[in-house]
Amino acid sequence: MPDTPAPRMPQDFVWGVSTSAYQVEGAVRDDGRGMSIWDTRCITKGGIGDGSNADVACDHYHRAAEDIALMRDIGVNAYRFSVAWPRIQPRGRGAVNPKGFDFYDRLIDGVLEAGIEPWLCLYHWDLPQALQDLGGWANRDCAGWYADYAALVARRYGDRVKRWVTFNEFSVFTLFGYAIPWAAPGITDRAQHLKAIHHVNLAHGAGVDVLRALVPGASIGAIHNRQQVLPEHGKPENAEAAALLDEHWNLAFPDPQLLGHYPPRIAAAIEPYVQAGDMARICRPIDWFGLNHYGPIFAKTDPSWTWGYAWGDAPAGAPDYGVGWAIFPDAFRDELLEITRRYRMPIVITENGCGGSDTVDADGAVNDPHRIAYFRLYIDRMRDAMRQGADVRGYFVWSLLDNFEWGTGYGTRFGLVHVDFQTLKRTPKASSRWYADLIRGERAVR
Ligand code: IFM
């Protein structure tokens with residue numbers, strides 16, 4: 001069936017790609033970088049599903065110039081990357097590491113020279129291990145250490161970087177790090193989870209204040225992974241599980257940050273950790289809502305899990321892309337409309353994408369029609385949401401490169417560009433050409 005012409009995006013719509021430091025950089029022991037909680041996870045027996053680690057990953061640390069050229073070929077306007085805190089402050093506080101700063105100077109300058117705008121995320125999960133040894137996010141002081149780190153980064157790059165993100169996916173690293181042991185630091189404790197939620201929120205607020213003070217003209221966002229949470233099989237006995245997971249997953253961070261209060265179930269439980277003035281410290285004005293979205297989540301009751309809920313199954317026969325994640329483009333549109341209703345602010349889609357097990361064929365090509373089909377569906381629904389009133393300002397694909405997919409290792413590939421993890425050879429997939437054509441088509445009408 002021929003494609004129907006899609007409505008055009010606003011002139012200044014941002015088409016970008018995303019990565020994160022720990023997933024692509026490698027070079028974990030180079031140039032004075034300190035250890036992060038994910039390095040610890042990688043050397044913990046059973047920590048990573050395929051027994052791998054991110055010591056080399058995509059070696060972006062040494063191959064950034066090649067990766068910038070790949071982005072230029074696709075024609076993106078923006079590159080969202082994260083800074084590794086342990087490269088800047090190897091022990092998380094105190095002494096800084098000049099060579100770590102130099103790497104991001106080179107990266108930012110290279111991106112700008114290629115005509116691409118850098119979008120800098122301060123935290124994508126790689127907490128310095130030395131801070132975890134002091135309790136990590138369960139320690140209230142961590143908010144202050146984060147603010148000091150944010151100030152160092154803002155002072156160094158604020159002359160060239162104007163798009164800033166305080167955190168990526170607050171609920172993933174707090175829930176999976178402190179209640180469900182799927183991520184570093186692998187703790188399962190209700191009280192520590194609640195403390196981590198509150199202290200990360202305090203860190204976000206402090207980070208916003210630091211960026212406002214130190215970066216003239218900063219455009220500041222925070223990235224939330226909103227996904228509808230539905231009771232498994234629609235059963236009433238899974239309804240409370242879904243309601244609590246919804247609060248932990250979708251509301252624990254944007255509600256206090258943007259509305260000034262916690263959602264009801266969390267509010268009652270978190271009270272012992274909230275001090276006078278905290279909600280005002282957390283609720284600081286920001287410029288846009290960053291949304292990472294893939295598909296809905298299904299929840300079921302399971303008293304053996306920390307909070308009594310567990311991940312459930314999608315309805316039988318629901319389409320997925322082979323890694324167990326359901327494809328529900330309508331849920332994407334609905335999330336955009338719900339964010340618009342609840343928070344009334346501009347939205348940037350900071351991650352959307354499709355995992356798979358792509359391989360290089362005999363001709364040296366990587367064909368990934370499933371990913372192209374996914375993008376078509378999801379971008380169409382984004383356009384629908386915009387027609388219905390969502391103020392969407394940008395769309396970033398996750399990810400530029402196949403990379404280290406956290407607790408599962410290297411099995412699932414999300415890249416527009418295939419990476420051979422033996423040779424580190426990069427091969428643009430068919431989807432990268434599709435994305436390049438889409439961007440070119442959007443520009444052609446300007
Ligand atoms: O790889 C991750 C990324 O770090 C955060 N969002 C989801 C992606 C795919 O799992």
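Read the numbers this way: they start at 1 and go in the same order the structure lists the ligands and their atoms.
Heavy-atom distances between W325 and ligand 1 reach below 4.0 Å in at least one pair.
Which parts of ligand 1 touch F414 is read off a 4.0 Å heavy-atom cut-off, strictly below it: atoms 9 (C). Interface atoms of ligand 1 facing Q23, defined by a heavy-atom separation under 4.0 Å, are 1 (O), 2 (C), 3 (C), 4 (O). Atoms of ligand 1 lying under 4.0 Å from any heavy atom of E169, numbered from 1 in the order shown and given with element: 5 (C), 6 (N), 7 (C).
Checking only distances, S20 never comes within under 3.5 Å of ligand 1, N or O to N or O. Residue N403 has no nitrogen or oxygen atom sitting less than 3.5 Å from a nitrogen or oxygen atom of ligand 1, judged on distance alone. In terms of polar-atom proximity, H124 is counted as a contact of ligand 1, with an N or O under 3.5 Å from an N or O of the ligand. Between E405 and ligand 1, an N or O atom pair is found at a separation short of 3.5 Å. Considering backbone and side-chain atoms together, N168 places no N or O closer than 3.5 Å to any N or O of ligand 1.
For the pair R80 and W119, the cation-pi test (distance below 6.0 Å, angle within 45°) is failed. Seen from the ring of F289, R226 does not count as a face-on cation partner, given the 6.0 Å and 45° thresholds.
Checked for salt-bridge contact, R212 and D209 miss the test: no charged N lies under 4.0 Å from a carboxylate O. Salt-bridge formation is not detected for the pair R72/E66: no Lys NZ or Arg NE/NH1/NH2 atom is positioned less than 4.0 Å from an Asp or Glu carboxylate oxygen. A salt bridge does not link E405 to R413: none of the charged side-chain nitrogens sits closer than 4.0 Å to a carboxylate oxygen. A salt bridge links R342 to D255: at least one charged side-chain nitrogen sits closer than 4.0 Å to a carboxylate oxygen.
For the ring-ring contact (aromatic ring centres under 6.0 Å, His included) with W182, the qualifying choice from F173, W406, W311 is W311, the only one to do so.
For atom 7 (C) of ligand 1, the closest non-hydrogen atom on the protein side is E351 OE1, 3.2 Å.
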